[in-house]
Amino acid sequence: MSVLDDLAGGLVVSCQPLPDDPDDPMRDPYVQARVAAAVVRGGAVAIRANGPADVRAVRAAVDVPVIGLYKHGDADVFITPTAAHAVEVALAGARIVAVDATDRPRPDGRTFADTVRALRDRTDALVLADVSTAAEGVAAVAAGADAVATTLSGYTAASPPTDGPDLALVADLAAAVAVPVFAEGRYRDAAQVGRAFAAGAHAVVVGNAITSPLWLTRRLVSEVRQETGASLDHR
């Protein structure tokens with residue numbers, strides 16, 4: 001039985017500091033490992049973690065699979081953008097490696113299929129293709145992806161941004177590919193997670209809504225200001 005089978009019907013929790021805030025106090029491998037241990041205790045079936053240091057720390061702290069990625073650079077493709085990044089994350093302990101599988105140019109000039117082959121040659125990690133459209137998901141599976149995720153929906157020119165999760169893409173991918181579909185991106189409550197499973201998701205990934213105090217506090221403060229007009233200024 002594949003490690004992917006163990007994740008069926010489960011909640012994957014993404015333990016990452018905010019990518020757009022370099023001063024996020026959660027940006028520490030030890031902190032992310034403790035967060036990972038807490039959410040696993042709460043029922044998470046896997047952890048999604050960013051970068052070799054965090055992957056190693058989380059892997060040592062939990063007994064569930066780690067989905068590793070490597071955010072790097074400021075080009076369009078920054079989620080595990082090169083084959084070298086993918087291999088490094090796998091060697092750090094990721095059982096599954098998440099890779100941008102859109103059709104945009106990659107910094108190392110390789111294709112997604114090249115990255116899959118590099119991982120197969122040097123590791124036994126599985127490949128999770130992060131996509132923004134159903135067509136990208138189909139192409140990723142043809143290139144060797146073991147699973148696909150809706151992570152990039154709303155973040156590419158091919159997919160318009162939405163406030164909530166892209167449930168339509170989950171359904172489209174579930175109907176189009178024969179590999180597990182991970183619903184990811186802007187899932188914030190139980191109702192949305194339930195709708196993702198109803199649409200055909202194999203597992204659902206939730207991140208900031210569970211693991212980022214900074215994101216949660218900013219969101220709550222913004223909502224209170226809109227509702228009451230209170231300034232809630234930090235003193």
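Treat the numbers as computed from the prediction; the structure is a model and nothing was measured. All values below were derived from every heavy atom in this structure, side-chain atoms included, with hydrogens, water molecules and symmetry-related copies excluded.
Residue Leu7 comes nearest to Ala46 through the heavy atom pair CD2-CB, 3.8 Å, listed as atom of the first residue, atom of the second, then distance. Across all non-hydrogen atoms, the minimal contact from Ala61 to Ala33 is CB-O, 3.8 Å. Closest approach of Ala174 and Ala199 over heavy atoms only: CB-O, 3.8 Å. Residues Asp172 and Ala134 approach most closely at CB-CB, 4.1 Å, considering heavy atoms. Leu173 approaches Gly137 most closely through the heavy-atom pair CD2-CA, 3.8 Å. For the residue pair Asp54 and Pro17, the shortest heavy atom distance occurs at OD2-CD, 4.4 Å.
For the pair Asp28 and Arg34, the salt-bridge criterion is not met [side-chain N within less than 4.0 Å of a carboxylate O]. Ion pair Asp6/Arg95 not flagged as a salt bridge, since none of the NZ, NE, NH1 or NH2 atoms sits closer than 4.0 Å to an Asp/Glu carboxylate oxygen.
In the hydrophobic clustering of this structure, Val148 groups with Leu169; members are Ile, Leu, Val, Met, Phe, Trp, Tyr whose side-chain heavy atoms approach within less than 4.5 Å, directly or through other members. Residue Leu128 is grouped with residue Val45 when hydrophobic side chains (ILVMFWY) are merged at heavy-atom distances under 4.5 angstrom, including chains of intermediate members. In terms of hydrophobic clustering, with Ile, Leu, Val, Met, Phe, Trp and Tyr side chains grouped at heavy-atom distances under 4.5 Å, Val13 and Val193 are assigned to a common cluster. In the hydrophobic cluster analysis, where Ile, Leu, Val, Met, Phe, Trp and Tyr join through side-chain heavy atoms closer than 4.5 angstrom, Leu119 is grouped together with Phe112. Residue Val89 is grouped with residue Ile47 when hydrophobic side chains (ILVMFWY) are merged at heavy-atom distances under 4.5 angstrom, including chains of intermediate members.
Looking only at distances, a side-chain donor or acceptor of Asp5 sits under 3.5 Å from a matching main-chain atom of Ser2. Not a single donor-acceptor pair under 3.5 Å links the side chain of Arg122 to the backbone N or O of Ala90. The closest donor-acceptor contact from the side chain of Gln32 to the backbone of Arg27 lies at 3.5 Å or more, if one exists at all. Using modelled atom types, one side-chain atom of His202 and one backbone atom of Leu4 make a donor-acceptor pair closer than 3.5 Å. The main-chain N or O of Arg218 is never found under 3.5 Å from a side-chain atom of Ser222 such that the two would form a donor-acceptor pair. Using modelled atom types, one side-chain atom of Thr211 and one backbone atom of Ser14 make a donor-acceptor pair closer than 3.5 Å.
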* Begin with the C-alpha distance, continue with both residues' side-chain angles, and end with the deciding distance and a verdict on side-chain contact (heavy atoms from CB on, under 4.5 Å) for Leu152 and Arg104. => CA-CA 12 Å; Leu152 292 170; Arg104 299 174 296 180; 4.1 Å; yes

* Could you give me the CA-CA distance, side-chain angles and deciding distance for Val127 and Val97, then say whether side-chain contact (heavy atoms from CB on, under 4.5 Å) is met? => CA-CA 5 Å; Val127 181; Val97 178; 5.6 Å; no

* **Ser212 and Leu18: CA distance, side-chain angles, deciding distance, side-chain contact (heavy atoms from CB on, under 4.5 Å) verdict** => CA-CA 7 Å; Ser212 176; Leu18 288 183; 3.8 Å; yes

* Decide yes or no on side-chain contact (heavy atoms from CB on, under 4.5 Å) for Leu216 and Asn208, but give the supporting numbers first. => CA-CA 7 Å; Leu216 285 163; Asn208 291 336; over 6 Å; no

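Taking 4.5 Å as the limit, some side-chain heavy atom of Tyr187 sits within range of a side-chain heavy atom of Leu167. You'll find the side chain of Pro29 stays beyond 4.5 Å of the side chain of Arg56, heavy atoms only.
Met26 contributes atom CE, which lies 14.0 Å from atom CH2 of Trp215 (distance to the nearest 0.5 angstrom). In this structure, the separation between CG on Leu214 and CZ on Arg219 is 13.5 Å, given to the nearest 0.5 Å.
Side-chain contact check for Thr111 and Asp114: at least one donor-acceptor pair (N or O, by modelled atom type) lies under 3.5 Å. Arg110 and Thr115 are not linked by any side-chain donor-acceptor pair at a separation below 3.5 angstrom, with hydrogens and angles left out of the test.
Counting non-hydrogen atoms of neighbouring residues, nucleotides and ligands closer than 6.0 angstrom, the CZ atom of Arg120 exceeds 12 such neighbours. With a 6.0 Å radius and a threshold of 12 heavy atoms from other residues, nucleotides or ligands, Glu227 has its CD atom at or below the threshold. The number of heavy-atom neighbours closer than 6.0 Å to CG of Asp189, taken from other residues, nucleotides and ligands shown, is above 12.
With Ser132 as the fixed residue, the side-chain hydrogen bond (donor to acceptor under 3.5 Å, both in side chains) test singles out one of Thr156, Asp103, Asp166: Thr156.
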Validation: residues 64-83 side-chain donor-acceptor distances under 3.5 Å, sequence neighbours left out:
residue : atom : partner : partner atom : Å
Lys71   : NZ   : Gln16   : OE1          : 3.0
Thr80   : OG1  : Tyr70   : N            : 3.1
Thr80   : OG1  : Ala98   : O            : 2.5
Thr82   : OG1  : Ala84   : N            : 3.4
Thr82   : OG1  : His85   : N            : 3.1
Thr82   : OG1  : His85   : ND1          : 2.6

